[in-house]
Number of protein chains: 2
Amino acid sequence: MADTPNRSVVRAFTIVDELSENGGGRASELATRLEMPVSTVHDYLQALVDTGYVTVEDKVYRPSTRFLEVGHRQRHRFEVVKAVRDELTAVAEETGEHVTLLIEENNQAVILAVQEGSEAITLFAYPGARMPLHVTAPGKAMLAHMDPERVESILDRDLVEITPQTITDSDVLLEQLESVRERGYAVDEGERIAGMVCIAAPVLDKRGELRGAICVCGPESRLDEARRAEIADVVKRAANVTQVNLDYV
Amino acid sequence: MADTPNRSVVRAFTIVDELSENGGGRASELATRLEMPVSTVHDYLQALVDTGYVTVEDKVYRPSTRFLEVGHRQRHRFEVVKAVRDELTAVAEETGEHVTLLIEENNQAVILAVQEGSEAITLFAYPGARMPLHVTAPGKAMLAHMDPERVESILDRDLVEITPQTITDSDVLLEQLESVRERGYAVDEGERIAGMVCIAAPVLDKRGELRGAICVCGPESRLDEARRAEIADVVKRAANVTQVNLDYV
DNA sequence: GAACTCTTTCGGCTCTCCCGGAAGACGCTA
DNA sequence: TAGCGTCTTCCGGGAGAGCCGAAAGAGTTC
């Protein structure tokens with residue numbers, strides 16, 4: 001944690017972030033948005049283009065496919081992605097819903113794989129999509145198996161409210177985590193997306209280390225008590241099989 | 001094209017590249033490989049971690065899932081990805097082979113989507129994977145519809161030989177491009193991967209602008225003359241449907 | 001063709017990156 | 001446990017590189 005992290009590096013990635021959020025932009029646009037001199041932004045964009053991580057076309061700059069490349073290469077190195085693969089499709093087939101594999105990174109839940117069942121709702125879910133831990137079933141599933149100190153430090157911060165259902169009381173969350181450990185799965189009811197219910201089970205390896213979570217999402221209307229129980233079983237089984245695969249590899 | 005592109009930016013991404021290639025590394029490792037002082041590398045790594053684009057665990061640094069995020073967001077903005085979606089699965093089902101969608105970026109062919117048929121050979125193909133244009137069917141399909149001046153400048157450079165079959169003679173390539181335009185599809189026979197045949201059709205929009213290429217790859221043994229012709233038809237149809245979808249959107 | 005906007009170039013001042021050196025952390029061996 | 005080797009982390013002063021104002025160039029609009 002240096003006092004002053006290399007400013008150029010930070011600025012470069014700030015520009016990348018800005019480009020990514022808006023899907024691209026022109027030098028002057030960025031300059032105003034980031035409150036930097038145009039010439040400075042211009043210099044950075046040149047440098048970024050030089051590296052190949054940004055492309056220009058008609059003065060519009062965009063993140064290049066290099067990001068995909070680096071991202072996917074890295075993704076392949078997560079053993080859990082391979083270990084879960086068949087189970088993910090199996091779960092999608094059995095439930096017909098939207099199924100994802102997530103991991104925890106920097107106190108956030110990040111999607112690594114998506115598999116859509118036949119009835120799956122179209123969600124804005126893609127590899128790399130991230131969300132706070134406390135607002136989702138997979139997040140809670142993972143929190144339940146993280147180091148208590150880290151959990152505490154995470155819950156101590158502002159628990160952002162994303163929907164009216166989002167749980168922002170850390171005591172309530174701690175109770176839920178306890179129940180996750182007992183039942184082996186977590187549920188969220190419209191806590192991240194209104195009207196959407198998610199059921200998730202944590203994936204642990206034989207040493208008990210957290211490796212991710214498998215999550216099924218569907219519309220409230222379709223998921224009554226009985227169906228939720230069914231899905232919970234499917235998800236738990238998938239997590240279990242994945243663990244076995246992990247330990248084999 | 002500034003004379004001296006911001007050194008910090010270039011260095012930062014050099015480090016990212018190195019991390020990506022080796023799937024992560026320690027400060028001292030990078031320092032030796034990149035021939036930089038350890039302390040310098042350390043400073044950069046700190047800054048990169050600060051941005052969230054690199055993570056550390058047990059002193060091992062890795063590109064974070066941010067790259068996936070940026071990459072995928074950008075991918076979604078390519079209309080051709082949506083336009084081709086159903087066709088890609090259709091082609092995979094019909095042929096049973098390995099099907100990909102590629103685009104051209106910075107004089108390279110880049111995979112944007114992969115769909116594996118039931119018999120598909122396992123290829124090291126993932127979104128973001130890149131390859132020279134002249135060594136692949138999709139590359140040739142795209143070259144055939146690029147600005148002649150650009151084509152010339154690309155073919156004028158060193159035509160890297162990847163397999164003994166790779167075509168490194170620009171005149172031969174130019175002839176092939178002509179035939180691609182006539183027939184509507186391109187073929188490569190072990191020019192990128194020995195023993196592998198690929199058949200690809202370019203995707204153009206109504207203005208005739210190049211938007212990408214659809215590619216089917218399979219083992220030589222399975223693809224005799226007749227089957228190649230079949231696949232060529234399937235691929236051409238898929239490209240055509242995609243064009244229609246594109247023009248609709 | 002004048003006025004405006006946005007991109008690109010230029011260059012000198014100043015700030016910040018750079019890296020040697022040293023301290024600290026960790027692991028290994030005896 | 002002490003001692004040694006390796007790696008990470010911290011520190012600070014010098015010099016080189018980034019920064020940005022200003023102006024020129026490119027492209028558009030009316």
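A, B, ... follow the sequence lines: proteins, then strands. Residue 1 opens every chain.
Contacts between residues 15-31 of chain B and DNA chain D, counted as heavy-atom distances below 4.0 Å, involve B:R26, B:A27, B:S28.
Phosphate contact (OP1/OP2 of C:dT8, side-chain N/O of A:H42, threshold under 4.0 Å): present.
Each of A:I111, A:I103, A:N106 was compared with B:T65 under the side-chain contact (heavy atoms from CB on, under 4.5 Å) criterion, and only A:I103 meets it.
Under a 4.0 Å N-O distance rule, the pair B:D205/B:R211 qualifies as a salt bridge. Salt-bridge formation is not detected for the pair B:R66/A:E105: no Lys NZ or Arg NE/NH1/NH2 atom is positioned less than 4.0 Å from an Asp or Glu carboxylate oxygen. Between B:E57 and B:R62, none of the side-chain N atoms (NZ, or NE/NH1/NH2) sits under 4.0 Å from a carboxylate O, so this pair counts as no salt bridge.
When rounded to the nearest whole Å, the span between CG of A:L45 and C1' of D:dC19 equals 15 Å. A straight line from CD of A:E35 to P of D:dC20 spans 13 Å, rounded to a whole angstrom. Note: CD (A:Q46) to P (C:dT8) measures 6 Å, nearest angstrom. The distance between atom CG of B:D58 and atom C1' of D:dT9, rounded to the nearest whole Å, is 16 Å.
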Check residues 146-157 of chain A and write down every donor-acceptor pair under 3.5 Å in which the side-chain atom is one partner and the other belongs to a residue at least two apart or another chain.
{"from": "A:R150", "atom 1": "NH2", "to": "A:E104", "atom 2": "OE2", "distance (Å)": "2.6"}
{"from": "A:R150", "atom 1": "NH2", "to": "A:N107", "atom 2": "OD1", "distance (Å)": "2.8"}
{"from": "A:S153", "atom 1": "OG", "to": "A:R150", "atom 2": "O", "distance (Å)": "3.0"}
{"from": "A:R157", "atom 1": "NE", "to": "A:S153", "atom 2": "O", "distance (Å)": "3.4"}

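Between the A:T55 side chain and the A:S64 main chain, no donor and acceptor come within less than 3.5 Å of each other.
Ring pair B:Y126/A:H76 is perpendicular by interplanar angle, where above 60° counts as perpendicular and below 30° as parallel.
Here A:H134 contributes atom NE2 and A:I162 contributes atom CD1; the two are 6.5 Å apart, rounded to the nearest 0.5 Å.
Partners of B:R192 under the side-chain contact (heavy atoms from CB on, under 4.5 Å) rule, at least two apart in sequence or in another chain, are B:M131, B:V135, B:T136. For A:V180, the side-chain contact (heavy atoms from CB on, under 4.5 Å) partners at least two apart in sequence or on another chain are A:A144, A:A186.
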Inset, instruction - Using a 4.0 Å heavy-atom cut-off, write out nucleotides 12-26 of chain C from 5' to 3' as B (base contacted by protein), S (sugar-phosphate only) or - (no contact). - result: ----SSSBBB-----
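In this structure the side chain of B:R183 never reaches within 4.5 angstrom of the side chain of B:K236, judged on heavy atoms.
Defining each end axis of the helix from C:dG1-D:dC30 to C:dA30-D:dT1 as the rotation carrying four pairs' C1' atoms onto the next four, with five pairs an end, the two axes are found to diverge by 50° to 10 degrees.
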